[in-house]
Amino acid sequence: MPKAIICRQLYKQYPGKLPVDAVNGLDLEIETGECFGLLGPNGAGKTTTIEILEGLLDSTRGDVEIHGMKWGQSDDDIRQILGISLQETRLSEKLTVLETLTLFRSFYRQGIVPTEALARVSLDEKLGARVGKLSGGQKQRLAVACALIGDPKLLFMDEPTTGLDPQSRRQLWDIIREFKETGRTVLVTTHYMDEAERLCDRVAVVDHGKVIALGSPRELIASLGGDHVIEFSLIHGNSLVRDLKTLPTVQSVRQEDNIFSLSVSELHVALPALLDHLRHSNLELADLSTRHASLEDVFVTLTGRHLRDGLSTS
């Protein structure tokens with residue numbers, strides 16, 4: 001069985017007085033049947049990469065294979081096996097839900113009937129409703145139904161739950177899981193780290209046009225060296241980074257303004273040691289909390305930025 005996606009030394013340069021290398025030698029392999037997450041800060045080249053994979057944008061150089069086929073050689077055949085759900089899909093608000101899906105079904109040689117697509121996204125009761133009358137969550141589910149109507153082998157989902165309420169988010173998670181359970185492949189981008197951890201078999205962190213980390217969420221979190229994070233702030237700010245690194249079981253230390261984050265392997269050892277250290281240093285806590293390490297910690301450690309520092313894609 002061919003891999004769903006293979007990228008080899010993918011480059012995309014935008015010309016200008018100062019040329020911009022949006023994608024700079026990116027390598028990637030995505031297995032058939034997995035849910036794969038692509039994460040990156042703004043300006044990392046993530047959206048440019050996805051648009052090349054979707055056939056919406058030509059690369060400057062490099063090789064891309066989609067289920068063993070190449071853009072420029074088998075374009076129509078590739079399009080027939082793709083489903084694409086954009087972050088924001090603008091559909092004609094005067095068409096009904098059924099008319100919209102019937103239109104999208106006409107773009108494919110084969111696929112599923114509109115009523116089945118609606119059943120998959122739990123929109124059966126909105127069959128005759130006009131698109132303009134749907135809620136935000138319902139419009140997003142309709143956009144996913146349009147992506148599923150061609151019965152694709154590979155589904156692209158760009159920020160599928162941005163702006164949705166918690167119930168609508170969970171409904172879309174179920175749709176993605178059910179699609180993957182049929183042996184199909186999903187490539188998802190998201191600004192929500194809990195979403196990536198729950199849905200993705202593997203994730204790639206992209207920065208400066210390259211993959212800088214790749215693995216399962218559990219593997220990437222384990223790479224921090226600590227399963228837990230202690231976060232605290234002081235009443236009077238103080239730079240303690242050098243001293244904190246010497247505390248027992250502390251694997252790494254990060255400071256953002258007056259908030260310190262410690263990755264630790266043994267919380268029951270590190271926390272008393274930290275409190276003793278602060279007391280002996282005559283430093284008073286303003287706030288302290290503990291939590292399990294997450295993909296967000298991995299992301300900040302690798303890129304120095306939070307994924308949700310600005311929501312425009314790049």
request  = Determine, for Arg169 against Glu195, whether the closest basic-nitrogen to carboxylate-oxygen distance falls under 4.0 angstrom.
outcome  = yes
query = Can Leu285 be reached from Ile259 by stepping across I, L, V, M, F, W or Y side chains whose heavy atoms are under 4.5 Å apart?
reply = no
request  = Report yes if the side chains of Pro41 and Asp207 come closer than 4.5 Å at any heavy-atom pair, otherwise no.
outcome  = yes
query = With side chains defined as the heavy atoms from C-beta onward, is the minimum distance between Glu197 and Ser294 less than 4.5 Å?
reply = yes
query = Looking only at heavy atoms, what is the nearest atom pair of Lys180 and Asp201, with distance?
reply = CE-OD2, 2.6 Å
task = Measure the shortest side-chain to side-chain distance between Leu154 and Glu54 over non-hydrogen atoms and say whether it is less than 4.5 angstrom.
result = no
query = Taking Asp151 as the fixed residue, which of Gln110, Arg105, Arg184 is the one that meets the side-chain hydrogen bond (donor to acceptor under 3.5 Å, both in side chains) rule?
reply = Arg184
query = Side chains of Leu10 and Asp27: does their closest heavy-atom pair fall under 4.5 Å?
reply = no
task = For the pair Asp77 and Arg109, find out whether any cationic side-chain nitrogen is under 4.0 Å from an anionic carboxylate oxygen.
result = yes
query = Does a side-chain N-to-carboxylate-O contact under 4.0 Å join Glu34 and Arg202?
reply = yes
query = Between Arg79 and Asp76, is the closest basic N to carboxylate O distance under 4.0 Å?
reply = no
ask   = Can you tell me if CD on Gln167 sees more than 12 non-hydrogen neighbours from other groups inside 6.0 Å?
value = no
query = Are Glu116 and Arg120 ion-paired here, with the side-chain N under 4.0 Å from a carboxylate O?
reply = yes
query = Is there a donor-acceptor pair closer than 3.5 Å between any side-chain N or O of Thr60 and the backbone N or O of Gln13?
reply = yes
message = Less than 4.0 angstrom from a charged side-chain N to a carboxylate O is my criterion; do Arg291 and Glu231 meet it?
response = yes
ask   = Could Lys12 and Asp58 be called an ion pair, given the rule that one side-chain N must be under 4.0 Å from one carboxylate O?
value = no
task = Show the numbers, then the answer: is there a salt bridge (charged side-chain N to carboxylate O under 4.0 Å, His left out) between Glu284 and Arg279?
result = CA-CA 7 Å; Glu284 191 173 351; Arg279 185 167 53 252; over 6 Å; no
ask   = Could Glu93 and Lys139 be called an ion pair, given the rule that one side-chain N must be under 4.0 Å from one carboxylate O?
value = yes
inquiry  = Check this for me, if you would: do Arg254 and Glu256 make a salt bridge, where the nitrogen-to-carboxylate-oxygen distance has to be below 4.0 angstrom?
reply    = yes
Test item: Gln255 side-chain N/O and Asp257 main-chain N/O as donor-acceptor pair under 3.5 Å = yes
